[in-house]
**Student:** 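Just passing along the structure, written as structure tokens.
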2 protein chains.
Amino acid sequence: MPEQKDIISFDSAKNKCQYCHAASFCISKDLADNDLAAFNTLIKRPKPLQKGERLFQAGDKFDLIYIVHSGSVKAYIESSDGEQQITGFNFSGDLLGIAGLEENHYNYSVEALETSSFCEIPFTLFENAAHENPELQQQFLCAMSREMTREQKLILLLGKMDSKRRIASFLVAMSARMQAQGYSADNIILSMTRHDIANYLGMAIETVSRLLTQFQSEDILHVAGRHITIINQHRLHAISDNFIESDYHTGETA
Amino acid sequence: MPEQKDIISFDSAKNKCQYCHAASFCISKDLADNDLAAFNTLIKRPKPLQKGERLFQAGDKFDLIYIVHSGSVKAYIESSDGEQQITGFNFSGDLLGIAGLEENHYNYSVEALETSSFCEIPFTLFENAAHENPELQQQFLCAMSREMTREQKLILLLGKMDSKRRIASFLVAMSARMQAQGYSADNIILSMTRHDIANYLGMAIETVSRLLTQFQSEDILHVAGRHITIINQHRLHAISDNFIESDYHTGETA
DNA sequence: CGATGTATTGAACTCGATCAAACAGTGTGG
DNA sequence: CCACACTGTTTGATCGAGTTCAATACATCG
């Protein structure tokens with residue numbers, strides 16, 4: 001029965017937190033082996049979502065929280081007139097749904113940018129586990145705190161930066177994110193469209209396109225559709241930080 | 001010894017959570033009487049801050065969280081090039097400092113807009129109390145969740161709304177906030193300067209001023225410096241929600 | 001192959017920023 | 001009490017970054 005064997009091996013190994021490729025950046029990361037096993041029992045792994053499918057939607061009843069296992073998603077809120085604003089892109093290890101707590105309903109929606117899988121945990125069970133386990137509680141609060149910091153940085157970007165800086169900051173953040181996930185810092189495969197990037201950064205899609213080409217002509221990037229290669233990290237950082245680099249040539253900073 | 005008597009009465013009554021004017025919108029609101037008394041022992045009430053003084057600053061070591069007791073503050077982050085972006089205004093009952101948790105340092109600064117007082121709680125003590133007390137834990141998480149929602153709304157405002165909508169939304173939010181604090185919804189005394197409003201809303205101070213005068217000329221507001229009277233809540237909401245009201249005249253909606 | 005979604009590029013326009021100046025309120029000191 | 005400085009606010013005139021409109025290019029897929 002080869003098929004059944006496959007299923008068993010999936011349940012007993014690949015599906016376990018101990019063997020998860022995202023273990024090092026998941027909220028479960030500091031748990032002791034036996035606690036991790038206990039945490040594992042709370043988790044369900046629903047069928048992966050295809051690109052464009054929604055994990056949950058603003059207004060849905062809040063009782064599950066999610067962790068991105070693989071793939072990537074966009075989180076967005078909607079204004080009273082139906083316009084949507086992407087508030088973040090999320091990757092492996094990111095926690096989703098927590099902001100729904102207060103109103104007992106999710107207040108934003110999450111949509112897969114590519115085929116993506118998730119860990120699903122009933123919030124009440126999670127709360128109990130966190131209550132028993134200081135490490136888990138700590139990691140949970142840290143995840144919320146990190147998310148708030150991320151949002152504040154986006155507020156700064158939208159409130160104060162010109163479009164050149166916005167794009168540069170976005171790429172720097174993506175680069176750091178990819179690196180944290182074990183990929184190259186210079187090679188970014190974007191899972192989101194220009195439209196999504198523009199929406200997220202509060203600018204027109206045409207401006208995104210124009211600036212990417214401009215950065216390419218300045219030998220900061222190589223752009224091939226969704227595949228961005230960062231040629232000059234130093235200059236990209238300088239733009240993102242709004243550093244004047246009149247005396248910049250080619251080398252490293254001191 | 002009249003002076004000493006004053007001090008004693010301050011410590012024993014006015015300073016107690018039971019008698020706090022902000023009790024109904026503080027994270028302590030759901031606590032039973034004895035739990036509230038216990039919570040009260042964790043709290044210190046440092047000397048009030050004068051306008052312009054800082055409660056804490058980005059980079060300071062995080063070990064205290066604060067609740068605004070009276071007055072109002074602005075919270076702001078700073079970009080790498082020193083520019084600041086106000087991320088929120090806070091009033092009685094608001095929790096301050098939590099986003100510092102992850103990095104173990106505050107990542108934003110808080111400055112008093114007027115003479116303001118605060119409740120100060122060592123975070124470790126608070127954590128213990130919350131661990132013992134589900135209501136407190138719940139309120140704490142709700143406060144974080146509420147804060148995240150507030151930030152997301154600001155992201156939407158900065159990313160998608162034109163300046164007219166931004167101002168209208170700001171006033172609607174302030175109005176709701178004042179009402180929640182027991183004040184009139186139509187009578188707003190702003191504790192922040194036009195400069196702060198402009199910074200918060202991501203626009204120029206001149207634009208703020210111009211739009212306020214425009215709203216005044218349209219009989220939506222009456223503007224007298226920091227004192228704003230909302231004459232037509234309905235139209236203000238319509239602008240903030242971006243509703244087309246071509247068929248609007250003077251009456252109420254259905 | 002045409003059809004559809006996505007991305008780039010060009011040209012014209014507009015909203016809001018910037019520059020500039022005047023004005024109002026508040027406190028200080030002669 | 002008025003002149004002065006100082007901070008915050010309003011108003012006017014100009015300018016430009018980025019949007020919008022429009023056309024084209026590219027890619028993926030039936």
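Chain naming here is simple, since letters A, B, ... match the order of the sequence lines and numbering starts at 1 in each.
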**Student:** Hey, are the side chains of A:Ile67 and A:Phe118 touching, using non-hydrogen atoms and a 4.5 Å cut-off?
**Tutor:**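 Side chain of A:Ile67 against side chain of A:Phe118, heavy atoms only: no contact under 4.5 Å found.
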**Student:** Can you tell me how far C1' of C:dA17 sits from CD of B:Glu83, to the nearest Å?
**Tutor:**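 My rounded result for the distance is 13 Å.
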**Student:** I need the NE2-P distance between A:His195 and C:dT6, as an integer number of Å.
**Tutor:** 9 Å
**Student:** For the side chain of B:Arg226, starting at C-beta, report the closest nucleotide among D:dT10, D:dT9, C:dA17.
**Tutor:** D:dT9
**Student:** From CZ of B:Arg194 over to P of C:dA24, roughly how many Å is that when rounded to an integer?
**Tutor:** 15 Å
**Student:** Does A:Lys61 NZ have over 12 foreign heavy atoms under 6.0 Å away?
**Tutor:**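 Correct, the count exceeds 12.
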**Student:** Looking at A:Ser163, does any N or O in its side chain come under 4.0 Å of the phosphate oxygens OP1/OP2 on D:dG18?
**Tutor:**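 It does, given that an N or O in the side chain of A:Ser163 lies less than 4.0 Å from OP1 or OP2 of D:dG18.
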**Student:** Would you say A:Thr213 places a side-chain N or O within less than 4.0 Å of OP1 or OP2 belonging to C:dT9?
**Tutor:**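 It does, given that an N or O in the side chain of A:Thr213 lies less than 4.0 Å from OP1 or OP2 of C:dT9.
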**Student:** Would you please test A:Ile86 and A:Met192 for side chain to side chain contact (heavy atoms under 4.5 Å, CB included) and show each step?
**Tutor:** CA-CA 11 Å; A:Ile86 297 176; A:Met192 67 293 287; over 6 Å; no
**Student:** Over 60° means perpendicular and under 30° means parallel, so tell me whether B:Phe56 and B:Tyr108 are parallel, tilted or perpendicular.
**Tutor:** perpendicular
**Student:** Rounding to an integer number of Å, can you tell me how far A:Arg165 CZ sits from D:dA17 P?
**Tutor:**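 Spelled out: CZ on A:Arg165 to P on D:dA17 is 16 Å.
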**Student:** Between A:Thr193 and C:dT6, does any side-chain N or O lie under 4.0 Å from OP1 or OP2?
**Tutor:** no
**Student:** Are any of A:Thr207's side-chain N or O atoms less than 4.0 Å away from OP1 or OP2 of D:dA17?
**Tutor:**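 Negative; the distance criterion is not met.
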**Student:** In whole angstrom, give the distance that lies between atom CG of B:Leu158 and atom C1' of C:dG16.
**Tutor:**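 Between C1' of C:dG16 and CG of B:Leu158: 15 Å.
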**Student:** Atom CG of A:Leu211 and atom C1' of D:dT19: how far apart are they, to the nearest Å?
**Tutor:** 13 Å
**Student:** Could you give the CD-to-C1' distance, from B:Glu206 to C:dC15, as a whole number of Å?
**Tutor:** 14 Å
**Student:** Which nucleotide wins on minimum distance to the side chain of B:Ser209, given the candidates D:dT11, D:dT20, C:dA7?
**Tutor:** D:dT11
**Student:** Can you confirm whether B:His227 is buried at NE2, in the sense that more than 12 heavy atoms of other residues, nucleotides or ligands lie under 6.0 Å from that atom?
**Tutor:**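 More than 12 heavy atoms, drawn from other residues, nucleotides or ligands, come within 6.0 Å of this atom.
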**Student:** Using whole Å, report how far CD of B:Gln214 lies from P of D:dG12.
**Tutor:**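 My rounded result for the distance is 13 Å.
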**Student:** So, OP1 or OP2 of D:dT11: does either fall under 4.0 Å of a side-chain N or O from B:Arg210?
**Tutor:**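 The answer is no; no side-chain N or O of B:Arg210 sits under 4.0 Å from OP1 or OP2.
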